[in-house]
Asks: 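Starting off with a structure, shown below.
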Number of protein chains: 2
Amino acid sequence: MQTDKVNIAIVDDHTLFRQGLAHLLTESNEINVLFDADNGADMIKKLPAYPLPDVILMDITMPIMNGYETTKWLKANHPEINVLALSMFEEDKPIIGMLKSGAGGYMLKQSKAADLVSAIKGISAQSFYINELVSGKLLRNIQNNQPVKNAPIGLSPNELKFLELCCSDFTYKQIADMMNLSPHTIDNYREALFQKFEVKSRTGLVISALKNELIKI
Amino acid sequence: MQTDKVNIAIVDDHTLFRQGLAHLLTESNEINVLFDADNGADMIKKLPAYPLPDVILMDITMPIMNGYETTKWLKANHPEINVLALSMFEEDKPIIGMLKSGAGGYMLKQSKAADLVSAIKGISAQSFYINELVSGKLLRNIQNNQPVKNAPIGLSPNELKFLELCCSDFTYKQIADMMNLSPHTIDNYREALFQKFEVKSRTGLVISALKNELIKI
DNA sequence: ATAGTATAGGGTGAAAACAGCTTTTTTTAA
DNA sequence: TTAAAAAAAGCTGTTTTCACCCTATACTAT
């Protein structure tokens with residue numbers, strides 16, 4: 001039955017790839033390719049002429065209007081359409097970029113047809129499809145806000161560590177526990193840093209440290 | 001062979017659960033439980049007395065030093081140890097929170113033993129283990145984090161001004177004078193902002209405001 | 001009219017941060 | 001090997017911050 005099939009569109013500037021893929025997917029009998037487009041602008045033009053697709057396969061590098069822009073436009077104007085990024089690149093940046101733009105999944109062009117079909121069906125049902133390629137990068141992205149240890153200016157390693165831990169919700173008592181030191185020793189560090197930075201409060205200390213680029217957040 | 005086993009530690013404040021789990025995992029013949037601890041501070045105390053674990057199973061809610069703090073401490077002091085969060089909660093907040101703190105995976109306490117074993121082995125080999133529970137939340141987090149940064153928490157003009165003045169050495173009393181308001185009113189702003197930013201101290205507030213690019217220094 | 005909401009102000013007690021100074025331990029170098 | 005220096009820990013206060021209770025306007029929207 002027609003309505004059981006997943007309706008999709010393909011946006012990619014490589015005509016041969018696009019049309020070959022359309023045939024391949026149509027043969028699976030589970031996918032119905034409504035239309036294809038050369039780039040984002042072309043897609044926007046063609047969209048009103050067809051039923052709304054369930055899923056759009058989206059290339060990244062395209063002339064005129066690329067995959068990031070097109071995905072953002074879709075999320076703004078047709079948030080119910082699921083975007084599956086389809087690209088040659090395995091690097092972090094395009095993957096994270098497309099997901100941030102609103103894509104619900106990311107597949108490599110070198111994938112097997114069967115895998116692509118199951119990704120399309122998955123994203124159509126759950127509005128996202130996470131594979132091994134994507135999951136690790138997602139996790140690393142979310143964790144990427146750790147301070148970098150570069151220690152100039154007259155700060156001892158412990159003072160610097162203390163300074164980093166200061167940029168948080170932790171109390172001095174907690175910081176003392178974390179550094180395996182007595183709160184009194186922590187107090188010595190605090191006094192020393194207050195003098196060195198000429199401040200009178202922990203907040204002032206944090207601001208100064210950030211201005212001096214001693215720590216990053 | 002002993003060296004083929006994955007060495008782990010268990011940090012959880014429920015003694016019976018902890019010890020039951022230790023037995024269960026030991027029986028699998030693939031896991032070696034080095035030690036267990038009642039909370040983060042206890043773990044930090046016990047850590048030097050044993051070989052470094054490959055994986056630490058980490059509860060979230062614990063007295064004295066909770067799972068978030070403990071995981072952050074581990075990432076700061078022993079980044080080579082993989083943390084697998086083990087919790088009863090299925091909500092977004094603890095999951096994202098533990099992953100942000102540095103956990104490489106998240107399992108529910110109601111999981112099957114075999115699944116936990118494979119998660120431990122997986123995280124030990126790849127330093128992360130993403131299951132269905134986590135993947136969707138990760139993606140939603142990365143996509144929802146953009147609007148959070150661009151159109152953030154609704155702040156009144158006064159709250160924003162207060163926030164700016166907070167990023168300094170001034171006391172709240174001084175800030176109250178500067179804004180020609182009673183210290184009690186300033187206190188209301190502080191409480192409101194602490195809630196909105198989910199922090200417990202002025203320092204945490206400043207850091208959050210900077211991360212959200214609400215203020216510049 | 002009135003319930004809701006945002007804003008301003010008030011008070012108290014506890015916890016944390018801050019200040020200044022002393023003592024012990026560890027490290028380093030004369 | 002011993003004296004000086006640095007790091008760590010201790011002690012005793014004061015001030016600031018934090019948490020939680022409350023009242024009173026004033027401006028909305030139903």
Side-chain angles (χ1 to χ4, degrees), chain A residues 149 151-210 215, chain B residues 39-41 44-45 48 63-66 68-69 72-73 76-77 151-210 214-215:
Chain A
K149 287 182 188 174
I153 306 191
L155 294 191
S156 74
N158 262 2
E159 280 177 340
L160 190 66
K161 196 169 182 181
F162 167 71
L163 191 55
E164 282 171 11
L165 290 172
C166 260
C167 301
S168 69
D169 243 12
F170 298 129
T171 66
Y172 289 140
K173 174 84 183 62
Q174 287 176 308
I175 293 174
D177 285 343
M178 290 176 186
M179 292 179 70
N180 284 317
L181 291 171
S182 143
H184 300 111
T185 307
I186 290 299
D187 216 37
N188 290 335
Y189 291 147
R190 183 185 56 73
E191 296 257 21
L193 290 182
F194 275 25
Q195 280 208 343
K196 286 181 184 175
F197 286 90
E198 294 175 17
V199 295
K200 297 192 302 292
S201 72
R202 177 168 168 181
T203 309
L205 180 64
V206 169
I207 299 292
S208 294
L210 284 168
I215 49 170
Chain B
N39 61 69
I44 292 175
K45 241 176 264 159
I64 301 172
M65 190 169 172
N66 66 31
Y68 304 114
E69 294 164 0
K72 282 178 190 160
W73 183 91
N77 293 277
I153 312 163
L155 297 188
S156 73
N158 263 0
E159 280 177 339
L160 194 63
K161 191 171 182 183
F162 166 71
L163 191 54
E164 282 169 14
L165 291 171
C166 259
C167 301
S168 69
D169 241 13
F170 300 128
T171 67
Y172 289 140
K173 174 84 182 63
Q174 288 175 308
I175 293 174
D177 286 344
M178 290 177 186
M179 293 179 70
N180 286 314
L181 290 171
S182 146
H184 294 293
T185 307
I186 290 298
D187 213 39
N188 290 334
Y189 291 148
R190 182 186 55 74
E191 297 254 20
L193 292 181
F194 275 24
Q195 279 210 341
K196 287 180 183 175
F197 286 90
E198 295 176 15
V199 295
K200 299 191 300 288
S201 72
R202 178 168 167 181
T203 311
L205 181 64
V206 170
I207 297 292
S208 293
L210 286 168
L214 275 169
I215 49 169

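Here is how names work: the chains are called A, B, and so on, in the same order as the sequence lines, proteins then strands, and each is numbered from 1. None of the values given here were measured: they were computed from a predicted structure.
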Asks: Rounding to an integer number of Å, can you tell me how far Leu160(B) CG sits from dT7(C) C1'?
Replies: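 About 16 Å, once rounded to whole Å.
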
Asks: Might you confirm whether atom OH of Tyr172(B) has over 12 heavy atoms from other residues, nucleotides or ligands at distances under 6.0 Å?
Replies: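 Atom OH in Tyr172(B) is packed in, count exceeds 12.
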
Asks: Please give, in whole Å, the distance from dG11(C) P to Ile186(B) CD1?
Replies: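 The distance from CD1 of Ile186(B) to P of dG11(C) comes to 17 Å, rounded to the nearest Å.
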
Asks: Starting at CG of Leu165(A), measure out to OG1 of Thr171(A) and round the result to the nearest 0.5 Å.
Replies: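 Rounded to the nearest 0.5 Å, the CG-OG1 separation comes to 11.0 Å.
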
Asks: Is the side chain of Gln195(A) donor-acceptor paired with the backbone N or O of Ala192(A) at a distance under 3.5 Å, no angle test?
Replies: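 Between the backbone of Ala192(A) and the side chain of Gln195(A) there is no qualifying donor-acceptor contact (under 3.5 Å).
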
Asks: Could you measure the distance from the CG atom of Leu160(B) to the CD atom of Glu164(B)? Nearest 0.5 Å is fine.
Replies: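 One finds 5.0 Å between CG of Leu160(B) and CD of Glu164(B).
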
Asks: Does Thr185(B) make a side-chain N or O approach to OP1 or OP2 of dT7(C) shorter than 4.0 Å?
Replies: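 No, because none of the side-chain N or O atoms of Thr185(B) sits under 4.0 Å from OP1 or OP2 of dT7(C).
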
Asks: At what distance, to the nearest 0.5 angstrom, does NZ of Lys45(B) lie from CG of Asn39(B)?
Replies: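 Going from NZ on Lys45(B) over to CG on Asn39(B), the span is 7.5 Å.
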
Asks: Calculate the interatomic distance between Asn158(A) atom CG and dT27(C) atom C1'; express it in whole Å.
Replies: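 The answer, rounded to whole Å, is 14 Å.
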
Asks: Has His184(A) got a side-chain N or O lying under 4.0 Å from the OP1 or OP2 atom of dA9(D)?
Replies: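 Checking dA9(D) against His184(A), no side-chain N or O comes under 4.0 Å of OP1 or OP2.
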
Asks: Report yes or no: do His184(A) and Ser182(A) form a side-chain donor-acceptor pair below 3.5 Å?
Replies: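 Short answer, yes.
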
Asks: To the nearest Å, how far apart are Phe162(B) CZ and dT7(C) C1'?
Replies: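 Nearest whole value for this atom pair: 15 Å.
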
Asks: Rounding to a whole Å, what distance do you find between Asn188(A):CG and dG10(D):C1'?
Replies: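 Checked: the CG to C1' distance equals 10 Å.
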
Asks: Could you tell me the separation between the CE atom of Met179(B) and the C1' atom of dG9(C), rounded to a whole number of Å?
Replies: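 For the pair Met179(B) CE and dG9(C) C1', the rounded distance is 14 Å.
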
Asks: For every nucleotide of nucleotides 13-19 of chain D, 5' to 3': is a protein heavy atom under 4.0 Å from its base (B), only from its sugar-phosphate (S), or from neither (-)?
Replies: ---SSBB

Asks: What is the distance from CD of Glu159(B) to P of dT5(C), rounded to the nearest Å?
Replies: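 Going from CD in Glu159(B) over to P in dT5(C) covers 16 Å.
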
